[in-house]
S.K.: 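Here it is, the structure, as structure tokens.
Scope of the values below: all heavy atoms of this structure, side chains included, with no hydrogens, waters or symmetry mates. Just so you know, residue 1 is the first one in the sequence shown, and it goes up from there. Numbering of ligands and ligand atoms starts at 1, following listing order.
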Amino acid sequence: MKILISADMEGATGVTWPADVLPGTPQWERCRSMFTSDVNAAVLGFFDGGADEVLVNEAHWTMRNLLLEQLDERTQMLTGRHKSLSMVEGVQHGDVDGIAFVGYHAGAGMEGVLAHTYLANSITGVWLDDVRASEGLLNARVVAEYGVPVVLVTGDDVACEDALGYAPEALKVAVKDHVSRYAAVCRTPARTAADIRAAAKEAARLAARQQPVQAGPFTVALEFDAEHLAMAATVVPGVGRIGERKVAYTSGTMYEGIRTFKAVTTIVSAAVEEQYG
Ligand SMILES: [Zn+2]
């Protein structure tokens with residue numbers, strides 16, 4: 001049994017503030033160890049549950065945050081950016097039986113600690129076929145095309161609630177309870193590691209490749225916090241304007257859908273203005 005862990009940082013233990021997840025800050029240095037603790041707990045739990053192989057795919061920002069030297073020696077880690085499936089890279093080779101979303105968070109426009117979908121503030125909403133979409137939902141649709149079930153989700157309580165929509169069967173572990181975008185009641189790394197390890201052990205039982213799901217075509221809509229960002233996004237072929245600050249596109253598969261999404265966010269992030277006023 002091979003498990004893939006897609007590891008994001010905003011939903012990690014102790015994380016509630018932008019500097020906590022911004023590479024190079026003293027707070028990030030401190031929080032990366034708690035992030036690593038969450039991931040390692042999942043690794044240990046999956047091995048407890050009978051996994052033969054666990055691959056960790058870093059999925060946050062520059063994708064260079066986890067402390068490899070603190071991970072269980074049986075695991076391997078895919079670190080660094082430019083991967084064709086980004087946050088769920090590694091799922092496409094036909095050998096993964098289940099995927100875990102560790103450190104996930106609520107989507108843009110939702111309540112939840114550091115809630116966003118790819119870009120922190122510039123994207124104010126994403127909809128997949130008219131349903132408000134988090135990164136968890138988008139990635140769940142991608143992995144379904146490869147027949148891989150989502151078996152475990154960790155993050156704040158809102159991220160866990162969000163996961164009920166896209167992975168109802170998956171085990172969920174809330175490592176903190178949302179109070180506001182930048183505040184949460186946090187449990188300690190010792191406590192959350194025990195919770196995640198126990199859930200991952202249980203989740204290993206759900207890991208079994210399924211029939212690939214081809215549910216497309218998918219229509220993805222994005223709303224931005226400024227009109228010129230919608231204008232900028234339409235540079236990407238197939239992306240059209242549907243409102244003053246909104247664009248949409250349709251893709252035959254979620255594989256294509258997520259790649260177009262990446263192109264849009266890359267173009268848009270280059271068009272975000274400095275602060276003034
Ligand atoms: Zn992230």
Side-chain angles (χ1 to χ4, degrees), residues 4-25 27-40 42 56-68 77-83 85-91 99-126 132-140 142-143 150 152-160 162-163 166 172-176 178 180-184 186 192 196 222 258 261-262 264-266 268-269 272:
L4 179 66
I5 296 177
S6 170
D8 199 1
M9 194 170 182
E10 285 85 358
T13 297
V15 165
T16 67
W17 187 250
D20 294 350
V21 294
L22 197 62
T25 69
Q27 273 303 104
W28 169 78
E29 274 301 346
R30 177 176 157 259
C31 289
R32 50 195 306 219
S33 146
M34 290 193 280
F35 178 30
T36 305
S37 166
D38 287 6
V39 170
N40 199 46
V56 177
N57 178 39
E58 278 221 42
H60 173 70
W61 196 242
T62 53
M63 301 180 173
R64 302 185 58 79
N65 310 274
L66 290 167
L67 299 161
L68 177 64
M77 181 170 91
L78 173 52
T79 185
R81 74 195 318 181
H82 303 312
K83 302 175 281 195
L85 283 182
S86 192
M87 296 181 78
V88 292
E89 176 68 19
V91 82
I99 186 166
F101 294 167
V102 172
Y104 269 47
H105 49 80
M110 299 176 184
E111 286 193 359
V113 176
L114 300 174
H116 69 286
T117 305
Y118 281 73
L119 302 183
N121 285 306
S122 309
I123 295 177
T124 52
V126 175
R132 203 176 257 281
S134 61
E135 291 165 19
L137 172 60
L138 296 173
N139 287 327
V142 175
V143 302
V150 180
L152 172 71
V153 179
T154 79
D156 69 359
D157 56 334
V158 184
C160 290
D162 177 52
Y166 64 78
K172 284 108 186 155
V173 179
V175 300
K176 55 197 172 190
H178 159 265
S180 78
R181 183 172 178 78
Y182 304 120
C186 296
T192 59
I196 293 170
L222 296 94
I258 204 79
F261 195 86
K262 190 93 184 159
V264 167
T265 55
T266 303
V268 163
S269 57
V272 172

S.K.: Is there a donor in the side chain of Asp8 and an acceptor in the side chain of His105, or the other way round, less than 3.5 Å apart?
M.R.: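 The criterion, which ignores hydrogens and geometry beyond distance, is satisfied for His105 and Asp8.
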S.K.: In Glu10, the N, O or S atom nearest to the Zn ion (ligand 1) is which?
M.R.: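 Nearest to the Zn ion (ligand 1) within Glu10's N, O and S set: OE1.
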S.K.: Measure from the side-chain N and O atoms of Arg32 to the backbone N and O of Asn65, and report whether any donor-acceptor pair falls under 3.5 Å.
M.R.: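 Confirmed, Arg32 side chain pairs with Asn65 backbone.
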S.K.: Specify which N/O/S atom of His60 comes nearest to the Zn ion (ligand 1), by atom name.
M.R.: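 For His60, the N/O/S atom sitting closest to the Zn ion (ligand 1) is ND1.
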S.K.: Has Asp8 got an N, O or S atom lying less than 2.8 Å from the Zn ion (ligand 1)?
M.R.: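 Short answer: yes, at least one N, O or S atom is under the cut-off.
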S.K.: Looking only at side-chain N and O atoms, does Asn57 offer a donor or acceptor that is under 3.5 Å from a partner on Ser6?
M.R.: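 No donor-acceptor contact under 3.5 Å links the two side chains.
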S.K.: Are Tyr104 and Asn139 close enough that a side-chain donor and a side-chain acceptor fall under 3.5 Å?
M.R.: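 Yes - a donor-acceptor pair under 3.5 Å links their side chains.
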